[in-house]
Amino acid sequence: MKMITTLALATMMTVPAFAQDTTVIGVSIPAATHGWAGGMNFHAREAIERLEETYPQLDFVLATASDPGKQVSDVEDMMATRNIDALVILPFESDPLTGPVAAVADSGAWVTVVDRGLAVEGIEDLYVAGDNPGFGRVSGEFFVSQMPEGGNIVALRGIPTSIDNERVAGFEAAIEGSGIEILDMEHGNWNRDDSFEVMQDFLSKHADIDAVWASDDDMAIGALAAIEAAGRTDEMWVLGGAGMKEMIARVRDGDTIVPADVTYPPAMIATAIELTALNFVSSAPVSGDFIIGSVLITQDNAERFYFPESPF
Amino acid sequence: MTEQTKPRRPRLDLQVLGPIIALAVLIVIGALMNENFLGYGNITNVLSRSAFIGIIAVGMTFVITAGGLDLSVGSMAAFIAGCMILAMNALVPMMGTGWSTIFAGMAIALALGLVAGLANGLLITRARIEAFIVTLGTMGIFRSLVTWLADGGTISLDFTLRGVYRPMYYGGILGVSWPIIVFAVVAIAGEIAMRHTSFGRHCAAIGSNEQVARYSAIPVDRVRAWTYVLLGILVGIATIMYVPRLGSASSSTGVLWELEAIAAVIIGGTMLKGGFGRVWGTVVGVLILGLIDNLLNLTDLVSPYLNGAIQGVIIILAVVLQRQKKAER
Amino acid sequence: MGLDVSGDPVLSLNGVCRDFGQVRVLHSVDFALHAGAVHALIGENGAGKSTCMKILGGYLSASDGAVRHNGQDTVFASAQQAESDGVVMIHQEFNLAEQLSVEQNIFLGRELRKGVFLDHAQMRKQTQDLLDRLETRVDPAARVEDISVSDKQMVEIAKALSRNARVLIMDEPTAVLTNREAAVLFRQIERLRADGVAILYTSHKLDEIARLADMITVLRDGRVVAHGAGAEFDEDRMARDMVGRDLTNLYPDHDGPVGQEPVLEVENLTVPGLVEGLSFNLAPGEVLGFAGLVGSGRTEAMEGLMGLRAATGTIRRNGQPVTIRRMSDATQVGLGYLTEDRKGRGLILSQGMRPNLTLLALRKFVRRLIDRRAEEAALDTAITEFDIRAPHRDVAVGNLSGGNQQKLLLAKTMLNAPEIVIIDEPTRGIDIGTKQQIYAFIRTLAEQGRAVIVISSEMAEVIGLADRVVVMRQGRKAGELTRAEISEDSIVRLAMGLDGKDYAA
């Protein structure tokens with residue numbers, strides 16, 4: 001048994017020896033099923049293109065998965081057929097991916113985990129993530145600053161996940177004791193159509209709404225359409241999140257119903273890929289945690305966050 | 001000897017009344033829970049947003065009655081919406097931001113629906129591949145085409161054009177919004193076609209027994225292909241009503257519309273295995289589905305996490321109610 | 001037959017009535033099944049035979065009166081319960097799972113086990129034993145879908161035997177069997193009788209009844225009209241009692257004029273692999289019989305002619321060549337075809353009579369929309385003209401008796417007013433009274449100057465109806481017989497290949 005393992009290892013070793021001068025970096029991300037993921041896909045491809053041009057010794061493998069199962073297969077295929085030296089992964093869900101990613105780490109490859117942490121700590125060499133509780137907190141603090149007297153708001157939540165839970169918890173903590181009351185909260189699933197319908201029903205149900213925490217720019221667009229259709233644009237304003245370019249443009253142009261936005265940049269995947277690449281092409285130390293804070297975008301700083309070519 | 005299953009022909013036919021009772025119960029619950037429920041605004045909201053699924057479900061009724069199935073309609077709607085928006089944006093420099101551009105966009109949507117439906121229909125009837133597989137395939141194709149067109153993001157309609165086009169969803173005549181009017185026209189035309197034309201009769205015959213249809217000189221393949229073409233065109237019409245609402249399309253547009261449409265058809269009393277269909281039932285089914293969502297949002301009865309469970313229970317109940325009689329001896 | 005049937009009955013109906021809605025279909029019926037005796041229940045379609053059988057088999061309950069099992073009043077809650085009490089009914093439409101094997105079907109629901117696993121060896125062995133007993137050479141592992149209709153019948157019987165049936169109810173078991181297969185079945189019935197099984201047997205074939213029955217009960221309009229030992233009945237008496245009138249001339253006279261100019265000429269009709277170079281002519285006023293063994297290509301030839309199968313050949317209608325690619329081409333040039341498979345291809349069983357009647361000729365009822373009133377009127381006419389008997393107008397066609405289904409199918413085809421009518425097995429599974437009506441109708445068609453083709457496997461029918469007979473053998477025309485030449489012997493010789501140029505084969 002042991003001999004077979006050794007043999008197998010020996011066979012595996014021959015491949016990198018053969019392709020010694022190129023480093024293969026696998027990138028595994030969820031497919032572009034909603035706006036933010038679309039932006040993330042765009043930035044991943046853009047970063048890969050740029051890095052492959054700059055560093056000919058780097059070779060990237062990009063796989064997009066539409067469900068956790070597919071992503072596990074992707075990672076296993078990269079290990080088996082491409083013999084990757086590093087893996088940059090934005091896990092669909094933490095638990096199902098923990099085992100397969102640990103296997104990659106055990107094989108000696110570099111592992112970078114993005115956005116969603118694995119279920120077991122210490123597997124990854126580098127962790128790049130947005131700050132979900134912080135995203136909720138920054139949003140909540142903006143509400144408190146805009147509504148010093150308190151008031152009635154409704155909230156739209158994303159797809160039920162730990163990300164969404166962390167954001168909502170951060171938000172609720174930040175507005176606690178401020179006199180702001182959440183009248184109603186439903187899942188808009190980070191989807192324009194769903195949040196349009198939920199917002200229509202909120203408007204039917206509640207006569208007095210001062211503001212809407214849409215928690216995502218796609219959902220904000222849906223909610224805004226419902227508010228406009230109901231002719232109640234003068235009563236309330238909407239805070240989205242993530243930094244979609246249309247919304248940033250509205251903030252920049254001083255739209256009163258969209259006074260601000262909170263970043264949760266899909267470009268964090270680019271950060272992760274670049275840092276991983278740096279590990280192989282330079283001697284700069286890049287291991288550890290890299291948390292990208294959520295920033296409040298207002299009319300004053302909107303220009304800095306506006307990327308016209310991004311699809312998001 | 002005859003083998004009627006009931007000693008007397010039931011006057012209170014649950015097959016007919018089942019879905020109507022379910023709808024009535026939902027309306028009563030809604031009215032009791034929230035005084036805005038029966039208000040003009042809420043009714044308009046629910047009917048307007050049910051219109052897309054409704055228009056598609058009318059077409060789906062014919063496909064299912066003829067023994068087929070179409071899983072691709074949701075993706076098809078997203079694809080058509082994406083193409084329609086891109087085409088209108090491209091036409092702005094030539095045709096300006098007026099109704100002429102929008103009419104051109106509508107024509108493109110209808111043409112695309114026709115072509116997409118024809119593709120489904122021909123693959124099913126000519127290549128003799130099961131409808132489930134063909135439309136599962138085209139579902140994936142349309143979905144990834146729209147993702148590709150949108151570059152993973154969102155395709156947005158030209159801002160000025162959006163303003164011009166907007167009344168198509170939000171406006172109307174005599175206080176009835178356009179989606180409701182179009183849905184009503186499609187539903188009435190569908191009901192007439194199903195009950196009073198050769199096409200409807202032929203669909204039911206094919207769905208009941210394809211051999212009998214063939215031996216009755218019915219062009220089985222042509223009728224069957226037509227059901228998909230009809231559905232494709234109706235998807236085009238639904239898209240025409242959908243685009244002005246948010247003025248955008250993305251890969252998440254129309255997700256699961258196919259299942260909602262199929263569910264509405266079955267709730268309405270059409271047989272999933274084909275052979276019997278009724279369009280008015282489908283309309284009731286669509287309204288039931290639309291009202292469930294609305295009710296769950298308007299009330300605080302259950303945790304939002306359980307919305308899907310409530311939907312499931314009501315869908316199953318609505319069907320149980322009308323099938324019960326059949327099990328009896 | 002010298003059997004003792006004076007003992008206590010195993011299963012009996014005592015004053016049983018049955019109502020469907022307001023309609024009483026059984027009026028105080030009495031009869032009794034005895035161990036070791038074959039009891040034939042005969043009557044026209046709609047006389048109440050099926051209802052009686054279903055009540056005995058636990059599929060229906062009696063509205064009044066009692067079912068007595070081993071001397072005790074019994075109400076079978078379900079067919080399953082009747083089966084577990086040893087009363088098994090074999091349906092005309094088989095109750096077999098088509099996708100399962102013969103063996104799996106026989107043990108369906110009561111599989112033998114060894115621990116938690118199925119005991120395949122034992123089941124295989126028992127199945128083989130049963131099939132051997134039935135002299136059936138079907139493989140226990142064969143899928144039911146793939147075996148012949150007669151083998152399915154045998155599998156049904158094997159299934160009943162494996163359940164140790166003490167009472168066996170057989171609904172027209174020979175309707176789908178060839179003569180040879182029927183002979184095997186009769187031997188089995190005799191064996192079962194000797195084993196002390198009580199058998200209820202129905203058939204439209206009166207010679208079978210005369211041969212098998214120890215006791216005969218005749219039903220007419222839901223009442224027992226005659227009852228007695230088998231020896232007391234001859235076929236004439238059975239027919240007379242069933243119909244309630246004399247049936248001296250079952251086949252009508254041939255006295256209409258036959259035209260000289262052919263209305264249809266078929267040359268070299270070939271359906272790849274099934275029919276080879278078939279040529280024949282058809283004159284107005286003529287009934288052309290098509291005889292031959294089952295599988296000789298008669299049905300396939302007609303389906304090829306009608307555009308229902310891919311076929312080549314030259315077809316001339318009134319001397320003009322016509323192209324028929326699909327069935328609508330055929331109906332357009334005045335051809336009509338009644339399939340032999342009325343339940344599978346002729347009628348939509350789940351729908352009512354009106355949509356079935358007008359399906360073929362629907363075009364005639366469309367004035368922008370379908371004119372429902374015209375459809376209802378057409379149905380009225382059809383019901384009168386073809387003497388269709390249905391409990392009510394909206395009945396699902398599947399609930400009509402075979403004879404009434406066949407009449408409806410005739411009405412459906414004739415609604416399109418075809419000049420040439422092709423009828424495939426016009427009286428399969430139909431009672432003698434209805435047969436007579438259908439024969440008369442076929443003759444009327446000819447007298448009206450239409451041309452009729454009758455395909456039939458019943459020799460008597462071909463001889464009694466046809467002015468001329470084409471005999472087919474192995475996909476080819478084996479010969480043609482004029483009125484004067486037609487005889488059972490001449491047809492059989494051609495069909496078996498004992499005459500003509502095919503002799504060597």
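Letters A, B, ... mirror the listed sequences (proteins, then strands); counts begin at 1.
Residue contact with chain A, scored on non-hydrogen atoms closer than 4.5 Å, involves the backbone and the side chain of B:Asn294 alike. Contacts of B:Ser250 with chain A are absent, with no heavy-atom separation under 4.5 Å from either backbone or side chain. If you measure heavy-atom distances from A:Asn189 to chain B, you find no contacts under 4.5 Å at all. No part of B:Arg143 comes within reach of chain A, as not one of its non-hydrogen atoms sits under 4.5 angstrom from that chain.
Two rings, from B:Trp178 and B:Tyr169, have their centers 6.0 Å or more apart.
Among the candidates A:Asp193, A:Thr64, A:Asn41, the residue making the largest number of heavy-atom pairs closer than 4.5 Å to chain B is A:Asp193. The choice from B:Asp293, B:Thr299, B:Ile155 that makes the most heavy-atom pairs within less than 4.5 Å of chain A is B:Thr299. Ranked by heavy-atom pairs under 4.5 Å with chain B, the list A:Glu186, A:Glu197, A:Met40 is led by A:Glu197.
B:Ile55 pairs with exactly one of B:Leu234, B:Leu231, B:Val286 by the side chain to side chain contact (heavy atoms under 4.5 Å, CB included) rule, that one being B:Leu234.
A 4.5 Å side-chain heavy-atom check between B:Thr253 and B:Tyr242 finds at least one atom pair inside the cut-off.
Of the N and O atoms on the side chains of B:Ser248 and A:Arg192, at least one donor lies less than 3.5 Å from an acceptor on the other residue. No hydrogens or angles considered: nothing links the side chains of A:Thr233 and A:Glu228 as a donor-acceptor pair under 3.5 Å.
Distance check, rounded to the nearest 0.5 Å: CD1 of A:Ile209 to CG of A:Leu183 gives 6.5 Å.
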